[in-house]
Amino acid sequence: MTASVELASTHGAASLVQDIDWLAIAPPLALAVAALAVLLADLFLTGPRKVWLAWISLAGLAVSLLPLIPLRDGGARSTFCVPGNPTTGEAQACSYVASDFTLVLQLVLIGSAAVVVLLSMPMTAPRPWADDRHEDSGVPGGEYHFLLLASVAGAVTLAAARDLVTLVVALETMSLPAFAMVGLRRDGRGGEAALKYFLLSVASTAVLLFGISLLYGATGAVHLDRVAAGLEALDPQVKTVAATGAALTLAGFAFKVAAVPFHFWVPDTYRGAPVPVAAFLSVVSKTAGFAGLLLVAGIALRPYAHVWGPALAVLAALTMTVGNVVAVRVATGSGDAVRLLAWSSIAQSGYVLVPFGTAAGDGADLAERLPASVAYLAVYAVMNLGAFAVVTAVGRDRPTGLVSDYRALLRARPALAFAMAFFLLCLAGLPPGLMGLFAKVTVFQAVVAGGAGWLAVVMAVNVVIGLYYYLVWTALLFAPPLPGTPPGALPGALPGATGTLGESGSLRVPAPFALAVALAFGLGVALSVAPQIVLRVLTVPGLLG
């Protein structure tokens, strides 16, 4: 499914035929069309009918998933290519490549966005699920779903980008709508979080652009494979320029994945944003950031793997340690649930970064090491989205948002309690959530194979530290209620609130929340029963191609 555009030269004697593979670019194209459809539909829908905006968003996400099936069966497909030079043996270079790596991440990104849409339904169109306690959140449904789909379109494009310009454009297409999503809720906390996120992100983008400009100046190329070729045949006089550009580029992506010390925006932004938006940033935005980091490090900067490998190993160790230690402090201090998940997500970023630290030599082994990060990202998306889904559901009746509010959740809502326990144990890497255990095992295998023993030790210590706050939270779910608590009552619920309590006093969860939790839980169980589904990612040939 291609279309050709013939561009005549100024002399009319030669032409360049540009093939556009419409099937390859169908996922982001479908998301862009869905975003525009939502924005137009918002003009004609009012009141409770605005719930259809969410269903239009879900339909757009479903349509964007359909092209992944024929793309998976047809092998890697490329478009927006420039021809090579037969005289020098230079191969053609493409800006957009739908490889196995692309399809795996696009599946994770689109599926995660669908869960976020479900979590957002009562927030953007509250009336179908309203009661006497829950008023309009002030989040405009049309703008929200348009921004969400636009951001996902950028994230999906980023996973397929194979040149520096496309990477930056896709990254900013993802990031700019996310700033607005954080501040859409009309309260001071959301505005403050959005401003902090925006200012720090702008600074990181400036660093990233400066690094990319140095790489382009040193190599004269923007396509990732040609940048790598240019670095291998670099003039010694510009090696320092190229090394500086590589360092700044990686630093820019380190902000997007919340690696220490570029993580300061995460806790306050997650806490100030609506919980579904925090889930979006924690999974979709972070997965896209790691996709960019994987592409830049694994393809463009492959010749410098012996330099950035040890540097990212240190970042991974710091990220794991800081994230887990502060999470323990939050659990024993303020006990804020969203802030605890924020620090937990920082620690999880450290685990994803671990395979980067195993790079050695000329980077020839990266194709064997870095796919472990892809496998961990896929599992992390399920675990974290499930945890955020339960937090969103419980937050309707326990608005203080404290971990202590989850005490005796088993008594109020057994299904939610068991689901939350499953997700927390998966994040900790404990049974019965075998998908979390196998994800950590794949990362350990990459570290051991790479000979970075000290990093394996640091990771093992951090896994033990993480057990504390995950198990404390899990134990609260099954703990007995506090003395004096009425049967079936919620310890953290609003005084006298009965609007969402059933006759037995148990918590009633809106249908979209229940569906989101069920999807995450079902996928988690499937991955735990058949973990080879995730492990197979590691054996995909040419994953970073």
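If you read the sequence from its start, that first residue is 1, and numbering goes on from there.
- Sorted by first and then second residue, the ring-ring contact (aromatic ring centres under 6.0 Å, His included) pairs involving residues 232-263 (not counting sequence neighbours) are F255-W265, H263-W343.
- Listed by chain and number, the residues in a side chain to side chain contact (heavy atoms under 4.5 Å, CB included) with V257 are A259, F290 (sequence neighbours excluded).
- Separation of atoms OG1 (T287) and CG (L294) is listed at 10.5 Å; rounding is to 0.5 Å.
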Sequence neighbours left out, cut at 3.5 Å: what donor-acceptor pairs do the side chains of residues 31-38 make with other protein atoms?
none

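- A donor-acceptor pair under 3.5 Å is formed between the side chain of S120 and the backbone N or O of V116.
- Remark: F179 engages Y197, F198 in a ring pair (Phe, Tyr, Trp, His ring centres under 6.0 Å) (not counting sequence neighbours).
- In this structure a side-chain-to-backbone donor-acceptor pair under 3.5 Å is present from T102 to V97.
- Side-chain atoms of D235 never come within 3.5 Å of backbone atoms of V238 as a donor-acceptor pair (strictly under, hydrogens ignored).
- The main-chain N or O of L301 is found under 3.5 Å from a side-chain atom of W308 such that the two form a donor-acceptor pair.
- Evaluation of the side chain to side chain contact (heavy atoms under 4.5 Å, CB included) rule for A273 yields V182, V277 as partners, not counting sequence neighbours.
- Here the closest heavy-atom approach between residue A291 and residue L105 is recorded as CB-CD1, 3.4 Å.
- Remark: the backbone N or O of E172 is not paired with any side-chain donor or acceptor of S175 at under 3.5 angstrom.
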Listing, residues 207-223 side-chain donor-acceptor contacts under 3.5 Å, not counting sequence neighbours, or none:
from, atom 1, to, atom 2, distance (Å)
S213, OG, L209, O, 3.4
S213, OG, F210, O, 2.6
T219, OG1, L215, O, 2.8
T219, OG1, A221, N, 3.4
H223, NE2, S95, OG, 3.4

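- Of the possible polar contacts, one joining the N324 side chain to the N462 backbone as a donor-acceptor pair under 3.5 Å is found.
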